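Everything below concerns the one structure shown next.
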Amino acid sequence: MHKKFDHEAIEKKWQEKWRQNDLYKTEEGSSKEKVYVLDMFPYPSGEGLHVGHPKGYIATDIYSRFKRMDGYEVLHPMGWDAFGLPAENFAIKNKIHPRVAVEKNIANFKQQLAHLGFNYDWSREINTTDPEYYKWTQWIFLKLLEKGLAYESHEPINWCPGCQTGLANEDLESDGTCERCGSVVEKRPMRQWVLKITDYADRMLEDLDTLTEWPEHIKEAQRNWIGRSEGAEIDFRLTNGDVITVFTTRPDTLFGATYMVLAPEHELVGKLPLDNTDEVYAYVQATKQKSEIDRTNAEKEKTGVELKGIKAINPVNGEEIPVFIADYVLAHYGTGAIMAVPAHDERDREFAQKFQLPEVTVVDEDVLVNSGEFNGMSVVEAKKAIVEKVGGRITSTYRLNDWVFSRQRYWGEPIPVIHCEKCGVVPVPYEQLPVQLPEVEHYEPTGTGESPLAAITDWVNVDCPKCGGKGKRETNTMPQWAGSSWYYLRFIDPQNDQALIDPDKEKKWAPVDVYVGGDHAVRHLIYARFWHKFLFDIGVVHTAEPFMRLEFLGFILAEDGRKMSKRWGNVINPDDIVKQNGADTLRVYEMFMGPFENTVAWSTNGLVGAQRFVERVNGLLDHVGDTEPQEITRLLHKTIKKVRSDIEEFKFNTAVSAMMIFVNAAEKATLTNESYQNFIKLLAPFAPHLTEELWANAGNDTSIHLETYPVADEDLAVDDMVTMGVQINGKSRGSITIAADADEETAVFAAKSDPSLAKHLEGGEVTKVIYVPGRILNLMIGQRS
RNA sequence: GCUGGAGUGGUGGAAUGGUAUACACGUGCGACUCAAAAUCGCAUGGCGCAAGCCUUGAGGGUUCAAGUCCCUCCUCCAGCACCA
C-alpha cells in the first residue's frame, strides 16, 4: 500500500534539487526551436500574493513545461515592476526608504512563488528600479526626445491633491477621481513631459488586425481606447478676421450649422475683442473650478455664454452665426471647437433649445435637403463634396491623448535631461546614463509641483553638457508604466551593459510567443505596443508587434464572491494552501476551477476535489500490473491527444478532467508500467513535484521535466467499437454498439435487433436512413396506413 | 447610447450541427469503524408508481438532427461614453 503523499517534504526536496541543477535555465546556444512564454510581471506590493495572483503563473508554468518536454528551448523569465506610487506611499507611511521596502517585498514575493514550484529561469530576473535596468528606460526616453516624440507642455493637466502629482487622463476613474487614492482631481497648469503617442495611433489601430491570436475583446478595448473618428477640419472665418477650425464627422450637415461653440479653454477666447468680456471671463473661471465629475456629466443641463461682438461666417453659405463658449465642448478632443448642428446632434439640440437658436434640418432619409446645390446628394457623397467646396481637410482625430509622462514624485526613473540657462533643454549624453536617483532624506512629495528631487541641490546643479554653463537637472520622474513598456525585451539579454538588447539575441528570441495576464492589460498593452513600434522604427527590434499571442486571464474572487481584499478580510494566502494541501493540489485546482479566462470564486470545497485527484495519482502504482485491458491503452492515447491540444489552447480545465477520467478508469482496472510512466509524464507540467517523486520511485534517475512529452498513437487513439446514438424520426431513442467502420446495413440491423429500439419501429416502414458512422443513426419511419 | 462577450443541474462547468448535463463539488443511501474523520461503493436535471413526457434565458426559423446556425426579444458582465 502506498503512503499518503507527504507534499511538504517532497516539494521542498525537489525544489532544492531543481535549483541546484539549474534545471530550468534557458540554453542560449540551443539549436532547438525557441518559445518565449511570459507573464505580466508583478508589482511587488507589501501585502504579498493572494491565491488569485498565481493563476496566470500556473498556466504559463504548465505551458512552458509542456513546451520544454515537447522539444522546444523555452524562455520563461520573471521580474519586478517596482517603481511607482504605491511603493512610495507605503514607504512614506512606514518611514522606510522605498528601495528597502521594495527589496523586502520582492524577497517575500519570490519566496511565495518558489513554494509553487515554478520553472522560471531566475538567472534572468530583472527589476525596473535597478539602475542597470532603468539606464535603458532612460535611453529609450532620450531616443524619443531625439526623434521629436517627447516634448514639454504647459497645458493644464490633472493634479491629484492626495498623491501630489500630475496624472495622465488615464490615471483617473470615470468619475474624475484619482485611481490610486480616490481624491477629486483638479486641473493645474504645469510644465510636463509628454510623449507623442498619437503619432502611432493609426499604426496601433491597423496592426490590431495582424494580431490573430489575441482575444477579440482585448483588441476591441484597444480600438475603443484609441477611439479614432474620421471626419474633416473646416475653417470658419470670424467677423473680426480670426479663424476658428472645427473638427466634425458630419461635414454633410454644414448647412445646418446655426452656431459655433468653443471650449472655455480654447486659446482664442482670451484674444477676441468682445462686448461682454467680464461675463465670458467669469464663465471660464467657473469652468476651471468644476471638477471633472461635474464637467463630464452628460445628465446635467448645458451651460454656456455667447461671445458678443463677433460672429462666425458659415463657409458654405456665408451666413453669420453666433459663437458661444460652453463646457460641453472639450478642449482636448478634436480642435476644441465645434460647428453646432441642432437638427442632427442631440447635445447641440439641447443647447439650442435652451438658448433659442434656430434648428435647420439638412438631411432627410440619408439625402441632403435645404443645402443649396447639394440637395438630393447622398450623405456619403456630400461629405466629400462639401469638404472640397469649403476647402476643408479630411482628417482623423482620436480619443487617445498624448501621454503625460512626468510625475512630481521621488520613486521613478529620473527623466534624463538638463535645463540650461542658455541652451534650454539638453539631453544627458548617452554615456552618462544612468542618471541615478540620488539618496534623499525626505522623499515625501513637496506639494509645490516640484519633485522632492528639486531639494537636492548638489544633484540638481550641474554643468550644461553642451556649453558648460549653469544647468539644472530635470527633477520630474517617469510614471510607473515606463519600465513595464519594454521589460519583455530585457529578459532576452538582461546583463548587456553595451546595448538595450543584442540584435542577434533579439532576432533569436523576440517576439514574445505567449503573453499572459489580466489587470491593467489594455493600458499596459497600448504603451508597450507604442514603445515597441518606436523601437522597431529605430532598428532595435525586428517585429512590428511585441506579443504574438495574448491570453487574458479571469480573476479569482473570494469565496463570498467579492474581490479578495484586506478590507473584507477574505484574502486567502497561497502559502497556507501550499502548507495544508500542497502546491500541486493548488495548481491543479486553479486550473480545474473553470475556463482560464473566466472569473470564478474560490471554493474550499472545490480544492478538495483536486486534492483527492493528487492522492489517487499517488496511489496509482497499486494498479500497475503486467498487462492492461485494451480500453485502458486506448483511453491513455485519447487522453494524451486531448491533454496536448488542451494545453496548447489554454483549456486547462478540460485537460485536468480528461486526466481524472483516465485515473478513474485505471483504478478500476490495471495498467502496464509503460502506460503508468506515460501518464505521469502527461501530468508532469500540472503537478511537477508529485510526478517527479513518482518518476524517481519508478527507478528513474533523470528529471521527469526533461523527458519527452508523450505523443498519442493515432491508431490507438480511436476506438474500433463505438457506442452511438440512434434517433427515430429525429428523436433520441437509445444506442447501439457496433464496429466503428460498420456499414449502414449493419447499423440498421443492430438497431432493429435492439428490443428497446425495435419497439419504436413497430407499426411503420423505415422510409429514410441517415447514418453518419461513429456519430448517429437516424431512422425515419412512415406510418403504415 | 456605442462596442465586445455570455446566459446549460443545488454549485464550478463539459459538449468538431449528431445519445445535453462529461469532470468536479455538494447532497442522499450503503460499506468500513465502538464512534467520527478519511477512504470506498451506489444514486443524483425536472415531472411521473411506471411506460413515458419535458428540459440548455424567451419566442420564431433552417435541418433527418440545434446548447451549437439564422431572425426578434429579455437579462447579465466587460470596455468606451457631452469624443462633435
Side-chain angles (χ1 to χ4, degrees), chain A residues 4 174 215-229 231-232 246-251 253 257 260-261 263 295-300 302 326-330 332-341 344-348 350-351 397-401 521-523 552 554 588-589 592-595 597-613 615-616 619 651 653-664 667-668 723-736 756 759 767-780:
Chain A
K4 196 169 183 319
S174 55
E216 195 49 47
H217 74 276
I218 297 283
K219 289 201 274 187
E220 200 52 37
Q222 299 246 318
R223 286 186 195 106
N224 281 337
W225 198 288
I226 294 166
R228 176 161 72 184
S229 291
V246 303
F247 174 78
T248 178
T249 55
R250 296 293 306 274
T253 62
M260 293 187 78
V261 188
R295 179 78 192 268
T296 56
N297 181 3
E299 303 298 309
K300 74 156 193 189
K302 302 262 180 296
D327 64 7
Y328 83 90
V329 173
L330 307 173
H332 54 75
Y333 187 76
T335 60
I338 62 161
M339 61 179 221
V341 185
H344 303 286
D345 183 288
E346 234 173 273
R347 295 151 303 172
D348 295 344
E350 202 190 310
F351 188 87
T397 190
Y398 305 89
R399 192 201 72 92
L400 182 75
N401 292 129
V522 175
R523 193 165 166 199
F552 191 81
V588 168
Y589 172 59
F592 185 62
M593 283 177 90
E597 66 279 8
N598 278 22
T599 293
V600 183
W602 178 266
S603 158
T604 303
N605 276 335
L607 184 68
V608 172
Q611 175 128 38
R612 286 181 188 148
F613 173 67
E615 286 291 350
R616 292 167 85 158
K651 288 157 83 173
N653 56 331
T654 50
V656 172
S657 94
M659 289 188 284
M660 285 174 169
I661 291 168
F662 178 78
V663 171
N664 290 346
E667 276 186 339
K668 291 191 175 75
T723 298
M724 51 188 271
V726 178
Q727 299 181 344
I728 291 162
N729 283 344
K731 255 180 150 23
S732 291
R733 291 296 181 185
S735 61
I736 50 172
S756 64
K759 195 170 59 186
T767 53
K768 193 176 177 188
V769 177
I770 292 168
Y771 176 59
V772 184
R775 298 253 173 246
I776 200 78
L777 175 67
N778 191 357
L779 303 174
M780 307 302 292

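Owing to the predicted nature of the structure, the values given are computational and were not obtained by experimental measurement. Proteins come first, then strands; the chains are lettered A, B, ... in the order of their sequence lines, and each starts at number 1.
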| said: Does A:P595 reach a base, just sugar-phosphate, or nothing at all? Heavy atoms under 4.0 Å. | reply: sugar-phosphate
| remark: Rounded to whole Å, the CE-P distance (A:M593 to B:rG12) equals 11 Å
| With both distances under 3.5 Å as the test, what is the Watson-Crick or G-U wobble partner of B:rA35? | none
| query | How far apart are the closest heavy atoms of A:R399 and A:W225, and which atoms are they? | reply | NE-O, 3.0 Å
| message | Parallel, tilted or perpendicular, judged at 30° and 60°: which one describes the rings of A:F351 and A:Y328? | response | tilted
| What is the distance from CG of A:N401 to P of B:rC83, rounded to the nearest Å? | 14 Å
| Any side-chain N or O of A:R733 less than 4.0 Å from the OP1 or OP2 oxygen of B:rC53? | yes
| Could you give the OH-to-P distance, from A:Y398 to B:rA84, as a whole number of Å? | 13 Å
| Mind checking what makes salt bridge (Lys or Arg N to Asp or Glu O under 4.0 Å) contact with A:E667, not counting sequence neighbours? | A:R616
| field | Nearest to side-chain heavy atoms of A:I770, which nucleotide of B:rC64, B:rG12, B:rC83 | value | B:rC64
| Syn or anti for B:rG9, taking syn as within 90° of 0? | syn
| said: Only pairs with both distances under 3.5 Å count, Watson-Crick or wobble alike; so what is the partner of B:rA15 in this structure? | reply: none
| note | Between CG of A:N778 and C1' of B:rA66 the distance, given in whole Å, is 13 Å
| request: If a protein heavy atom is under 4.0 Å from the base, mark B; if only from the sugar-phosphate, S; if neither, -; do that for nucleotides 19-28 of chain B going 5' to 3'. | output: BS-BBSSS--
| query | Just checking A:D348: base, sugar-phosphate only, or nothing, at a heavy-atom cut-off of under 4.0 Å? | reply | nothing
| said: Counting only side-chain heavy atoms from C-beta out, which of B:rC64, B:rC83, B:rA15 sits nearest to A:K651? | reply: B:rA15
| Does A:N598 make a side-chain N or O approach to OP1 or OP2 of B:rG13 shorter than 4.0 Å? | yes
| query | Which base, if any, makes a Watson-Crick or G-U wobble pair with B:rA78, both distances under 3.5 Å? | reply | B:rU3
| field | Mate of B:rG9 where both pairing distances stay under 3.5 Å, Watson-Crick or G-U | value | none
| Watson-Crick or G-U wobble mate for B:rG48, both contacts under 3.5 Å | none
| field | Base partner of B:rC69, which must satisfy Watson-Crick or wobble distances under 3.5 Å | value | B:rG61
| note | Pairing partner of B:rA43, by Watson-Crick or G-U wobble and under 3.5 Å for both distances, is B:rU27
| request: Establish, with yes or no, whether the OP1 or OP2 oxygen of B:rC54 is under 4.0 angstrom from a side-chain nitrogen or oxygen of A:K731. | output: yes
